[in-house]
Student: 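Following this message is one structure expressed as structure tokens.
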Amino acid sequence: MIVRTSFRCTTCGQNHTVRIGLGHEPYQTHTFQCTGCGEELTVGLRVIKPEGSPIPQFLGEPVENVEQSDEESDAPIVNVDANFLIPLEERHKDVVFPRITQMQEMMEVAEGHGSLVSFKDFPEKWQNTRPYRPADFGEEWKVLKKSWNLHRNGHTKLSKRKIEEGSAEFYVDEPLKNIQDWLWRFCLLFSQPAFEKPFRDAFKIVQDNREKPEFKAFFKEYENNLAPNRADSYLAIIREFFLAYNDFSQVIFRVKQGLEIDDNAGVNSVQFDKTKMFYGNAFETFSSLVDILAYINNVASGRSFDQFQTLTRKKYLELDKSGRFGPFDGTPALANLCFERDNQLRNASHHASIKLVTPDNRIVYRSGKGGTGPEQDLGYAAYLAKCSTLFLQIINLFRFEIMLFEVHGKTFPA
């Protein structure tokens, strides 16, 4: 659905007719450049569900540097969308609907995975529960984050209240058991379907090796000395992702379906200050967490978990972050969990030596150590896709760790 509304720039007075593609969340924001003065304008769209009425209302709201206005026939068109790409050539065209062809692509993928279901095929009561309710993961994260924080700070009763709230809102047909169950379900459902097979292939290595004495030695070390501190990293990067979810949500549904987002794809809503360091931060997080894959690979290769082919454990941990993947690159089932890892982009993003070029919304950075190499450029939509892919790999690894405890009859220290 497209909601048409008008906003005027409060800096220069330029009016805009803004066509907003409705997303899954009850509130969404979009930031774009004023066509008059180039200043950033931020607008919001709120979905209101009147009590006693099945028909929602849609309210456009000024957020920053804009005020609502009446539509003017000669005002420039600005197209934005919460969950779909806007081709560059259609950013300012009226009566265009690029989301329709993209929805068709996604439906074809869902049909191929056997997950395309018609509403008429299941009871009405299921329509407001996962996985059938709208994919409002931003709203779910707000409640889950609070429960997780309370759990980690020792406020067990308050955390359980939030779990009950989450069950009633998102999982009414199968109530949540505990915080680990909620984290597992959230990561599972948020990463479907493209990231499921890599998860299953990787975990099969655990299943095939878990009776070995070397694996038992690994799990003892992991349980006692590694796992207790890892939830901090997962919480921090998931929080950072959802702080910029209005930008990432424009591409995340294509990424989860395994659909390409090429360098010429466009998005018209940009909050680059919230995303420019994300890839670097996510890379640092991910490369710090893949050590367990290296240890499991050692066991699967017939060695003790801390003995690499040519390295000691101490030498492995001294490797540059980009080198942490090398020891298991020869094992496809583990390497496929980590296919997105662009070290050049990581360096630029991590050190904030990356900039946005408007109005075409492309990012520019220098490759090479210290940013001394040739200048590179990348469409902002493609950048968001690389960030989202890296993030989905992280939560897939988080699922891996939760399951690692589960198969041993234990609970991950979330």
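What you are looking at is a predicted structure, and each value in this text was computed from that prediction instead of being measured. Numbering starts at 1 and runs along the sequence shown. Computed over heavy atoms, backbone and side chain alike; hydrogens, waters and symmetry mates excluded.
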Student: When you check the gap from the basic side-chain N to the acidic O, do R185 and D181 get nearer than 4.0 Å?
Tutor: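 Looking at D181 together with R185, the answer is yes, because their closest N to O distance falls below 4.0 Å.
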Student: Establish, yes or no, whether a centroid distance under 6.0 Å links the rings of F283 and F286.
Tutor: no
Student: What verdict does the salt bridge (Lys or Arg N to Asp or Glu O under 4.0 Å) test give for E284 and R346, after you've listed the backbone C-alpha separation in whole Å, the side-chain angles of each residue and the deciding distance to 0.1 Å?
Tutor: CA-CA 8 Å; E284 290 292 305; R346 166 254 189 170; 2.5 Å; yes
Student: Quick check on E40: does its CD atom have over 12 non-hydrogen neighbours (other residues, nucleotides or ligands) under 6.0 Å away?
Tutor: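 At most 12 heavy atoms, drawn from other residues, nucleotides or ligands, come within 6.0 Å of this atom.
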Student: Determine yes or no for a side-chain-to-main-chain donor-acceptor pair under 3.5 angstrom, with Q250 supplying the side chain and A82 the backbone.
Tutor: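 No, Q250 side chain to A82 backbone: no donor-acceptor pair under 3.5 Å.
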Student: Has the side chain of D81 got a donor or acceptor atom that lies under 3.5 Å from a matching backbone atom of N83?
Tutor: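 Here the side-chain-to-backbone pair exists.
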Student: Test of understanding: with salt bridge (Lys or Arg N to Asp or Glu O under 4.0 Å), list the residues that count as partners of D247, not counting sequence neighbours.
Tutor: none
Student: Measure from NZ or CZ of K256 to the centre of the six-membered ring of F190 and say whether it is under 6.0 Å with the direction within 45° of the ring axis.
Tutor: yes
Student: Quick check against the 3.5 Å criterion: does T5 have a side-chain atom that pairs as donor or acceptor with the backbone of G60?
Tutor: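 No, because the side chain of T5 does not come within donor-acceptor range (under 3.5 Å) of the backbone of G60.
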Student: Side chains of N149 and R239: do they bring a donor and an acceptor to under 3.5 Å?
Tutor: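 Yes - a donor-acceptor pair under 3.5 Å links their side chains.
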Student: Can you tell me how the ring of Y383 sits relative to the ring of F272, calling it parallel under 30°, perpendicular over 60° and tilted otherwise?
Tutor: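 Judged by the thresholds at 30° and 60°, the geometry between Y383 and F272 is perpendicular.
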Student: Examine the side chains of Y295 and E221 and answer whether a donor and an acceptor come within less than 3.5 Å of each other.
Tutor: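 The answer is no; no qualifying pair exists.
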Student: Do N361 and N268 have side chains that get closer than 4.5 Å, going by heavy atoms?
Tutor: yes
Student: Verify side-chain contact (heavy atoms from CB on, under 4.5 Å) between D201 and N336, making sure each step is shown before the conclusion.
Tutor: CA-CA 9 Å; D201 290 347; N336 288 343; 5.5 Å; no
Student: Does N297 reach the main-chain N or O of L293 with its side chain, forming a donor-acceptor pair under 3.5 Å?
Tutor: no
Student: Using the side-chain contact (heavy atoms from CB on, under 4.5 Å) rule, take F219 and F405 through it: C-alpha gap first, then chi angles, then the decisive distance, then the call.
Tutor: CA-CA 9 Å; F219 187 79; F405 268 81; 4.3 Å; yes
Student: Counting only heavy atoms not in E260 (residues, nucleotides, ligands), do more than 12 fall under 6.0 Å from its CD?
Tutor: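 Result for CD/E260: open.
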Student: Please tell me if the side chains of K146 and L150 come closer than 4.5 Å, counting only heavy atoms from C-beta onward.
Tutor: yes
Student: Between the side chain of S301 and the main-chain N/O of R303, is any donor-acceptor distance below 3.5 Å?
Tutor: no
Student: Between atom OG1 of T310 and atom OH of Y316, what is the distance when rounded to the nearest 0.5 Å?
Tutor: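 Rounded to the nearest 0.5 Å, the OG1-OH separation comes to 12.5 Å.
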Student: Output yes when D329 and R324 qualify as a salt bridge under the 4.0 Å nitrogen-oxygen rule, no when they do not.
Tutor: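 Looking at R324 together with D329, the answer is no, because their closest N to O distance does not fall below 4.0 Å.
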Student: Can a donor-acceptor pair be found between the side chains of Y365 and S349 at a distance below 3.5 Å?
Tutor: no
Student: Okay, side chain of Q393, backbone of F339: is any donor-acceptor separation there less than 3.5 Å?
Tutor: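 Yes: the side chain of Q393 pairs with the backbone of F339.
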Student: Any donor-acceptor pair under 3.5 Å linking the side-chain atoms of Y27 with those of E139?
Tutor: no
Student: So, the side chain of N79 versus the backbone of K93: is there a donor-acceptor pair under 3.5 Å, distance only?
Tutor: yes
Student: Checking side-chain polar atoms at under 3.5 Å, does S269 have a donor or acceptor matched by the opposite partner on T31?
Tutor: no
Student: Centres of the F170 and F137 rings: under 6.0 Å?
Tutor: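 Judged by ring-centre distance (under 6.0 Å), F170 and F137 do not meet the cut-off.
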Student: For the rings on F218 and F215, is their centre-to-centre separation under 6.0 Å?
Tutor: yes
Student: Aromatic ring centroids of F253 and F84 under 6.0 Å?
Tutor: no
Student: For a salt bridge (Lys or Arg N to Asp or Glu O under 4.0 Å) check, start with the C-alpha distance between R4 and E71, then their side-chain angles and the critical distance, and finish with the verdict.
Tutor: CA-CA 9 Å; R4 188 183 186 98; E71 184 169 342; 3.0 Å; yes
Student: With a 3.5 Å cut-off and sequence neighbours excluded, list the donor-acceptor pairs that the side chains of residues 11-18 form with protein atoms.
Tutor:
{"unit_1": "T11", "atom_1": "OG1", "unit_2": "N65", "atom_2": "OD1", "d": "2.7"}
{"unit_1": "T11", "atom_1": "OG1", "unit_2": "N65", "atom_2": "ND2", "d": "3.2"}
{"unit_1": "N15", "atom_1": "OD1", "unit_2": "S69", "atom_2": "OG", "d": "2.5"}
{"unit_1": "N15", "atom_1": "ND2", "unit_2": "D70", "atom_2": "O", "d": "3.0"}
{"unit_1": "H16", "atom_1": "ND1", "unit_2": "Q14", "atom_2": "O", "d": "3.3"}
{"unit_1": "H16", "atom_1": "NE2", "unit_2": "T35", "atom_2": "N", "d": "3.1"}
{"unit_1": "H16", "atom_1": "NE2", "unit_2": "T35", "atom_2": "OG1", "d": "3.1"}

Student: State whether a side-chain donor-acceptor pair under 3.5 Å links H30 with Q28.
Tutor: yes
Student: With heavy-atom distances below 4.5 Å as the criterion, would you say the side chains of I292 and F305 are in contact?
Tutor: no
Student: Quick one: do E90 and R19 make a salt bridge, cutoff under 4.0 Å?
Tutor: no
Student: How long is the straight-line distance from CZ of R161 back to OG of S147, given to the nearest 0.5 Å?
Tutor: 12.0 Å
Student: With a 3.5 Å cut-off and no angle check, do the side chains of Y279 and E340 form a donor-acceptor pair?
Tutor: yes
Student: Go through the steps for I363 and K355 under the test side-chain contact (heavy atoms from CB on, under 4.5 Å), then give the verdict.
Tutor: CA-CA 5 Å; I363 62 166; K355 64 181 180 180; over 6 Å; no
Student: Between the side chains of E240 and N281, is a donor N or O closer than 3.5 angstrom to an acceptor N or O?
Tutor: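 Present: a donor and an acceptor within the cut-off.
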Student: Looking only at side-chain N and O atoms, does E406 offer a donor or acceptor that is under 3.5 Å from a partner on W184?
Tutor: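 The answer is no; no qualifying pair exists.
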Student: Any chance NZ of K321 has more than 12 other-residue heavy atoms, nucleotides or ligands included, within less than 6.0 Å?
Tutor: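 Buried by this count: over 12 neighbours within 6.0 Å.
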Student: Output yes when R200 and E196 qualify as a salt bridge under the 4.0 Å nitrogen-oxygen rule, no when they do not.
Tutor: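 A salt bridge links R200 with E196.
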Student: Heavy atoms, side chains only, cut-off 4.5 Å: are I20 and I2 in contact?
Tutor: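 A side-chain contact is absent here, since even the closest heavy-atom pair is not under 4.5 Å.
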Student: Salt bridge check, D136 against R133: does any charged N sit closer than 4.0 Å to a carboxylate O?
Tutor: yes
Student: Has the side chain of R341 got a donor or acceptor atom that lies under 3.5 Å from a matching backbone atom of C338?
Tutor: yes
Student: A side-chain contact here means heavy atoms from C-beta on lying under 4.5 Å apart; do L397 and V290 qualify?
Tutor: yes
Student: Taking everything shown except E72 itself, do over 12 heavy atoms lie less than 6.0 Å from its CD?
Tutor: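 Enclosed.
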Student: Tell me, do F241 and I394 make a side-chain contact under 4.5 Å, heavy atoms counted?
Tutor: no
Student: How about Q104: does its CD atom have over 12 heavy atoms from other parts shown lying under 6.0 Å from it?
Tutor: yes
Student: Under 3.5 Å, side chain of Q180 to main-chain N/O of F412, donor-acceptor pair present?
Tutor: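 Here the side-chain-to-backbone pair exists.
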Student: Find out whether T42 and V66 are in side-chain contact, i.e. whether some heavy atom of one side chain is under 4.5 Å from a heavy atom of the other.
Tutor: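 A side-chain contact is absent here, since even the closest heavy-atom pair is not under 4.5 Å.
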Student: Return yes if a side-chain donor-acceptor contact under 3.5 Å exists between Y171 and E140, otherwise no.
Tutor: yes
Student: Report the C-alpha distance between Y234 and T285 in whole Å, list the side-chain angles of each, state the deciding distance to 0.1 Å, and finish with yes or no for side-chain hydrogen bond (donor to acceptor under 3.5 Å, both in side chains).
Tutor: CA-CA 8 Å; Y234 287 115; T285 297; over 6 Å; no
Student: Can you check whether F391 reaches F248 side chain to side chain, under 4.5 Å on heavy atoms?
Tutor: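 Not in contact.
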Student: If you measure from the Lys or Arg side-chain nitrogens to the Asp or Glu carboxylate oxygens, is any gap between R254 and E105 under 4.0 Å?
Tutor: yes
Student: Quick one: does any side-chain atom of D360 pair with a main-chain N or O of R362 as donor and acceptor, under 3.5 Å?
Tutor: no
Student: Is the closest basic N to carboxylate O distance between K162 and E165 below 4.0 Å?
Tutor: yes
